[in-house]
Amino acid sequence: MSDTPDSASAAAPEVTKAAPKPKPKPPKPEDKPFPEFIDTLFIPAVSKQLEDNGIQADRLERVEGDRPVVGGSCPMVVGELPGGRRFWLCFGDADIASPKLIALAEAGSKPTLLESFLIDEKRMSLPLLVSRLLQRLNGQKWLGRN
């Protein structure tokens, strides 16, 4: 036998490199606590979409209060648009995946109807919530010209 470099390296124990640990995935925006999600992501996104439609909301905030029409306390996003048009996006719990209702009112009137909102969606996401709210407001002809 010879002590060639090949035979010496074959006799030495192999040094295995540990596989690099995968970086943990950043949490999804939807995994943030409800108040943080609404205040830092949802409201600014809705505000930006409204501005893209040439509308500056007079009021857009998260509140805990009485649900319009039927009463009972719940977390909600309350919005008021120019001309006194108002909407309430009500959540069953402080969780974006909880059942949601929406109420709308023209200037000078009280809301008289609660509508189910996003009832068929399995996974809730920021873009979905924002787009469907704007779609609903547009259905009222509150955004731009229809």
Side-chain angles (χ1 to χ4, degrees), residues 5-6 9-146:
D6 288 339
S9 63
E14 288 187 32
V15 177
T16 58
K17 293 181 181 177
K21 293 182 180 179
K23 292 181 181 177
K25 292 182 181 178
K28 295 178 184 176
E30 295 77 17
D31 294 336
K32 290 187 177 210
F34 181 80
E36 183 180 349
F37 175 85
I38 296 296
D39 294 345
T40 65
L41 299 174
F42 180 70
I43 289 175
V46 169
S47 182
K48 181 177 182 330
Q49 290 296 311
L50 288 171
E51 287 172 8
D52 289 350
N53 282 285
I55 298 169
Q56 179 70 41
D58 295 335
R59 178 183 181 197
L60 195 55
E61 66 180 330
R62 176 183 53 85
V63 299
E64 179 80 27
D66 283 337
R67 187 178 293 110
V69 183
V70 296
S73 185
C74 72
M76 65 183 103
V77 174
V78 177
E80 188 170 334
L81 304 179
R85 295 172 165 166
R86 294 165 293 148
F87 68 88
W88 297 260
L89 179 57
C90 307
F91 294 82
D93 297 311
D95 179 357
I96 64 165
S98 67
K100 289 167 277 311
L101 300 168
I102 189 166
L104 304 156
E106 289 286 346
S109 67
K110 292 183 179 183
T112 58
L113 177 68
L114 278 177
E115 301 172 23
S116 296
F117 187 75
L118 291 173
I119 58 173
D120 294 334
E121 303 301 327
K122 301 290 183 221
R123 296 203 28 95
M124 203 51 51
S125 68
L126 177 62
L128 181 63
L129 274 169
V130 172
S131 69
R132 293 295 167 82
L133 174 60
L134 274 285
Q135 184 179 42
R136 183 63 189 90
L137 297 177
N138 194 45
Q140 288 295 116
K141 303 192 183 315
W142 288 3
L143 306 180
R145 296 182 181 175
N146 288 328

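FYI, side chains are in, hydrogens and waters are out, and symmetry mates aren't considered; it's all heavy atoms of this structure. Here the structure is a predicted model, which means the values were calculated and not measured.
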[atom1]-[atom2] distance between [X] and [Y], expressed to the nearest 0.5 angstrom:
{"X": "Ser116", "Y": "Ile102", "atom1": "OG", "atom2": "CD1", "result": "11.0 Å"}
{"X": "Asn138", "Y": "Leu143", "atom1": "CG", "atom2": "CG", "result": "5.0 Å"}
{"X": "Leu41", "Y": "Lys32", "atom1": "CG", "atom2": "NZ", "result": "5.0 Å"}
{"X": "Leu60", "Y": "Leu81", "atom1": "CG", "atom2": "CG", "result": "8.0 Å"}

Heavy atoms, side chains only, cut-off 4.5 Å: are [X] and [Y] in contact?
{"X": "Pro75", "Y": "Arg62", "value": "no"}
{"X": "Ile38", "Y": "Phe91", "value": "yes"}
{"X": "Arg85", "Y": "Gln140", "value": "no"}
{"X": "Trp142", "Y": "Leu134", "value": "no"}
{"X": "Gln56", "Y": "Glu51", "value": "yes"}
{"X": "Phe37", "Y": "Leu126", "value": "yes"}
{"X": "Trp88", "Y": "Arg86", "value": "yes"}
{"X": "Leu133", "Y": "Leu137", "value": "yes"}

Please give me the minimum heavy-atom distance between [X] and [Y], naming the atom from each residue.
{"X": "Asn53", "Y": "Gln49", "value": "ND2-O, 2.9 Å"}
{"X": "Glu64", "Y": "Ser73", "value": "OE2-OG, 3.2 Å"}
{"X": "Phe34", "Y": "Asp95", "value": "CD1-N, 3.4 Å"}

### Message
Tell me if a side-chain donor or acceptor on Lys100 pairs with a main-chain N or O of Ser98 at a distance below 3.5 Å.
### Response
yes

### Query
Do the side chain of Ser109 and the main chain of Ala105 share a donor and acceptor less than 3.5 angstrom apart?
no

### Message
Could you walk me through whether Leu104 and Arg136 satisfy the side chain to side chain contact (heavy atoms under 4.5 Å, CB included) test, starting with their C-alpha distance in whole Å, then the side-chain angles of each, then the deciding distance to 0.1 Å, before giving a yes or no?
### Response
CA-CA 10 Å; Leu104 304 156; Arg136 183 63 189 90; 3.3 Å; yes

